[in-house]
Asker: 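This structure is in structure tokens; I'll ask about it shortly.
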There are 2 protein chains.
Amino acid sequence: MPETRPAVSGGLDPRGPAGSNLLFLREEQMRLAQDMLFFAYRDFTGAADVILDELGLGRAHHRALHFIGRTPGMTVGDLLAILRITKQSLARVLTALVDQGYVAQLPGRSDRRQRLLSLTDAGQALERRLFERQRERLAVAYREAGGPAVEGFRRVMRGVMEPAARAYMEQAESAIRPAARPSTQPNTQIVR
Amino acid sequence: MPETRPAVSGGLDPRGPAGSNLLFLREEQMRLAQDMLFFAYRDFTGAADVILDELGLGRAHHRALHFIGRTPGMTVGDLLAILRITKQSLARVLTALVDQGYVAQLPGRSDRRQRLLSLTDAGQALERRLFERQRERLAVAYREAGGPAVEGFRRVMRGVMEPAARAYMEQAESAIRPAARPSTQPNTQIVR
DNA sequence: TTGGGTAAGTCAACAAACCTGTCGTATGAT
DNA sequence: ATCATACGACAGGTTTGTTGACTTACCCAA
């Protein structure tokens, strides 16, 4: 059996001087984060699965519901850019949601080719049910971790994302610190 | 006087006194976390996709490689419990990895029904290539965020996970604080 | 007004990665 | 001897993703 890992069982670290030891620690930190991203994502998304199964919907539907609810009035193209899937994949999900009365489409005001997406009342209700399940999980985590930890959590998560996603988050986060930078342009809903 | 909540579409805040406003803030916090988990997971896992595509492997293969590398000597059942997929799904991935020489199977010492999983040299090399891509992303995030933020990040992520996953993490984290709590029982590698 | 580019929908065909259910085989435990 | 366990394998199905080609409707600028 290849001895690829440290002898964790109480012995000394077999590695040499502090330099490589620090290197090992940094690498181990990264691997821990890998583990955690997997588990946290698995369990967080899994929290809503019971409800989705009941309705014959999948996680793809949930993602669409979530982001449409976050930014009512967004276009199909906007949603495509966020989800990073193809038009086909989204179309399947979207037509299902429209057919079942969860999502409404309105022609764009300034560009009538666009179909602006928003949740119907039923859609909002469903999204809320799904959200509540995940909220429970997150509430526990936030309460146990405390405020500063939550701030740290956000900082790291932001750093992991691509610039485009970071920009999205910045705009979204402006909702919880409204007094900041009044010179910035207003956070308008996407309405075209 | 700045309103306590952004007027997202120009109208007045329909909400009442500070109590419900706080409630709104807490909810908005949760929704931000939803967004961030999606983006961070999407971009973090996506970082390794180029290499995987070249080899005709998928993310499922990467996940298996990762966890086998983390805990060499684990059984198929162990891996199944971590990934939470069915035996079939894992078998497909695992046979591919074994056939291509990335993963080795050895009969268990104390229980010869088991097939203990470990990475071959090629498997370790591949896992490292994949890891390096993700490491870059994470290193930037950690550097930008700083040490305390990383600690906060971990606290929150731990809270989001299910107890079983939290237990796994505790064991894994003991590797980066080896001197702590020497009275605790040894974290043995999984070898049966 | 005509023509080029864009937003979106649609159809066909396909692939990856899951799923359920069932069966078989070797092995361990009682 | 019997029953349980760890694993592998087969059959058939779903969800979610993919590419490519085509159409419709619309915006905009020459």
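Quick note on labels: first sequence line is chain A, next is B, and so on, each numbered from 1.
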Asker: Quick check on DNA chain C: between B/I85 and A/V76, whose nearest nucleotide comes earlier from the 5' end?
Answerer: A/V76
Asker: What distance separates A/Y168 OH from A/E173 CD, expressed to the nearest 0.5 Å?
Answerer: 11.0 Å
Asker: Answer with base, sugar-phosphate or nothing: what part of the nucleic acid does A/R59 contact at a heavy-atom distance below 4.0 Å?
Answerer: sugar-phosphate
Asker: Starting the side chain at C-beta, find the nucleotide from C/dA8, C/dA17, D/dA6 nearest to B/A60.
Answerer: C/dA17
Asker: Between A/R112 and D/dC27, is there a side-chain N or O to OP1/OP2 distance below 4.0 Å?
Answerer: no
Asker: What I want to find out is whether B/R137 reaches B/E132 closely enough, with some N-O distance under 4.0 Å, to be called a salt bridge.
Answerer: no
Asker: OP1 or OP2 of C/dC19 less than 4.0 angstrom from a side-chain nitrogen or oxygen of B/S89, does that happen here?
Answerer: yes
Asker: Do the charged groups of A/R70 and A/E127 touch, with an N to O distance under 4.0 Å?
Answerer: no
Asker: Between the base of C/dT10 and the side chain of A/Q88, is there any donor-acceptor pair under 3.5 Å?
Answerer: yes
Asker: Of the nucleotides D/dT19, C/dT27, D/dT16, which one has an atom closest to the side chain of B/D111?
Answerer: C/dT27
Asker: How would you label the contact of B/A91 with the nucleic acid (heavy atoms, under 4.0 Å): base, sugar-phosphate, or nothing?
Answerer: nothing
Asker: Measure from the side-chain heavy atoms of B/R63 and tell me the nearest of C/dC18, C/dA8, D/dA6.
Answerer: C/dC18
Asker: Report yes or no: is there a donor-acceptor pair, N or O only, under 3.5 Å between the side chain of B/R113 and the base of D/dT5?
Answerer: yes
Asker: Look at the aromatic rings of A/F153 and B/F153 and report parallel, tilted or perpendicular, splitting at 30° and 60°.
Answerer: parallel
Asker: Does a side-chain N or O from A/T75 land closer than 4.0 Å to OP1 or OP2 of C/dA8, or not?
Answerer: yes
Asker: Hey, is B/E27 close enough to B/R31 for a salt bridge, meaning N to O under 4.0 Å?
Answerer: yes
Asker: Let me know the distance between CG of B/L94 and P of D/dC7, rounded to the nearest Å.
Answerer: 10 Å
Asker: Atom CG of A/D53 to atom C1' of C/dC19: distance rounded to whole Å?
Answerer: 11 Å
Asker: Consider the side chain of A/R92, meaning its heavy atoms from C-beta on, and name the nucleotide among D/dT18, D/dC26, D/dC7 that approaches it most closely.
Answerer: D/dT18
Asker: OP1, OP2 of C/dA16 versus side-chain N and O of B/H61: anything below 4.0 Å?
Answerer: no
